[in-house]
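Some notes on the structure that comes next.
Both ligands and their constituent atoms are indexed starting at 1 by order of listing.
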Amino acid sequence: RKGKSPEEVVKKYLQKVRSPPEEDCTICMETLGGPSGYKGPGVAGVARAESVGRLSRCGHQYHLQCLVAMYNNGNRDGSLQCPTCKTIYGVKTGNQPPGKMEYHVIPHSLPGHPDCRTIRIIYTIPPGIQGPEHPNPGKPFTARGFPRHCYLPDSEKGRKVLRLLLVAWDRRLLFSVGTSSTTGESDTVIWNEVHHKTEFGSNLTGHGYPDPGHLDNVLEELRAQGITEEDSIDQ
Ligand code: APR
Ligand code: ZN
């Protein structure tokens with residue numbers, strides 16, 4: 001994707017709208033019938049302020065300049081997510097810091113899964129310096145509680161979740177840098193919207209997930225990041 005300008009990336013996912021509807025652009029809150037209300041940098045020379053586009057799959061409409069501004073404020077990975085319905089265009093990636101993901105099977109059964117062994121995932125992320133994709137570039141970030149251990153049943157569904165988590169890890173979507181809602185600490189590594197079971201047989205933190213719906217919830221959270229079974233086939 002290198003070499004494509006933000007405008008070219010955004011336009012790839014858009015159809016041109018010739019007569020915009022009498023609705024507001026939900027990015028700038030100005031009418032789609034008039035110019036974009038975005039006043040910041042990065043959109044000078046991008047089409048006309050009046051240009052409006054329709055996202056090709058979900059159909060939501062925005063000023064072209066507003067979409068380009070939104071793209072510029074993200075991690076510019078060639079993908080775009082509709083701010084209204086979260087439909088993902090292209091391949092979404094995140095800002096997870098460098099580290100490693102390992103897993104192995106341990107000869108114990110998780111509560112609720114007496115007939116199979118257990119997959120233990122170990123995430124290791126060291127502290128470091130924030131990059132341009134993080135909230136405070138150039139500033140250090142801390143990394144608490146690593147290595148973090150997580151558990152999946154070694155069942156068909158558990159192995160499917162593992163395959164998708166490996167894709168999510170490669171796309172840097174499992175962790176982020178920000179403020180921990182558990183500890184309140186800022187500039188630290190935090191989980192990013194995919195809930196892992198981090199306790200084997202207890203539920204002291206509320207992340208023991210003894211409930212049988214946990215794996216389906218994780219699959220749903222992965223889908224929201226644009227990751228489905230098709231993604232793991234060509235991995
Ligand atoms: N296990 C699994 N998920 C968790 C945990 C945990 N122990 N704690 C929080 N989450 C989930 C939250 O429900 C939320 O959706 O991660 C998301 C981000 O929560 P934060 O509290 O901001 O994340 P983080 O700081 O990474 O919290 C993890 O557990 O391992 C310890 O030292 C670590 O105190 C930290 C906490
Ligand atoms: Zn707008």
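- Under 4.0 Å is where a charged nitrogen must lie from a carboxylate oxygen, and between K11 and E7 at least one such pair does.
- Between H60 and Y62, the ring-plane angle classifies as tilted under the 30° and 60° cut-offs.
- Against a heavy-atom cut-off of under 4.0 Å, R144 is close to the following atoms of ligand 1: 32 (O).
- Looking at E133 and R172, a side-chain N of the basic residue comes within less than 4.0 Å of a carboxylate O on the acidic one, giving a salt bridge.
- For atom 17 (C) of ligand 1, the nearest protein heavy atom (residue, atom name, distance) is W191 CB, 3.7 Å.
- Contact annotation for T183 and ligand 1: only side-chain heavy atoms (C-beta onward) come within less than 4.0 Å of the ligand.
- Residue-ligand proximity, H196 to ligand 1, at heavy-atom distances under 4.0 Å covers atoms 2 (C).
- When non-hydrogen atoms are compared, ligand 1 lies under 4.0 Å from neither the backbone nor the side chain of E185.
- Checked for salt-bridge contact, E229 and R163 meet the test: a charged N lies under 4.0 Å from a carboxylate O.
- Proximity of atom 7 (N) of ligand 1 to the protein is indicated by at least one non-hydrogen atom lying closer than 4.0 angstrom.
- Inclusion of Y209 in the set of residues having an N or O under 3.5 Å from an N or O of ligand 1 is not warranted.
- Annotation: cation-pi pair R57/Y89 present, NZ/CZ under 6.0 Å from the ring centroid and within 45° of its normal.
- The protein heavy-atom contact nearest to atom 33 (C) of ligand 1 is R148 NH2, 3.6 Å.
- Of the N and O atoms on the side chains of D187 and N136, at least one donor lies less than 3.5 Å from an acceptor on the other residue.
- T31 and D24 share no donor-acceptor pair across their side chains, judged by distance under 3.5 Å alone.
- Of the protein's heavy atoms, S180 OG, 3.8 Å lies nearest to atom 24 (P) of ligand 1.
- Residues L219 and Y103 share a hydrophobic cluster, clusters being chains of Ile/Leu/Val/Met/Phe/Trp/Tyr side chains in contact below 4.5 Å.
- In this structure, the protein non-hydrogen atom closest to atom 20 (P) of ligand 1 is S181 OG, 3.3 Å.
- Here H195 has side-chain heavy atoms under 4.0 Å from ligand 1, and that is the only part of it that gets that close.
- Atoms of ligand 1 found under 4.0 Å from any heavy atom of G145, numbered from 1 in the order shown, are 32 (O).
- Atom CD of Q61 sits about 9.0 Å away from atom CG of L55, to the nearest 0.5 Å.
- Ranking the protein heavy atoms by distance from atom 36 (C) of ligand 1 puts T182 OG1, 4.2 Å first.
- Scanning all protein heavy atoms for the shortest distance to atom 12 (C) of ligand 1 gives H207 CE1, 3.7 Å.
- Between R171 and D77, none of the side-chain N atoms (NZ, or NE/NH1/NH2) sits under 4.0 Å from a carboxylate O, so this pair counts as no salt bridge.
- Of all protein heavy atoms, the one closest to atom 1 (N) of ligand 1 is T198 OG1, 2.7 Å.
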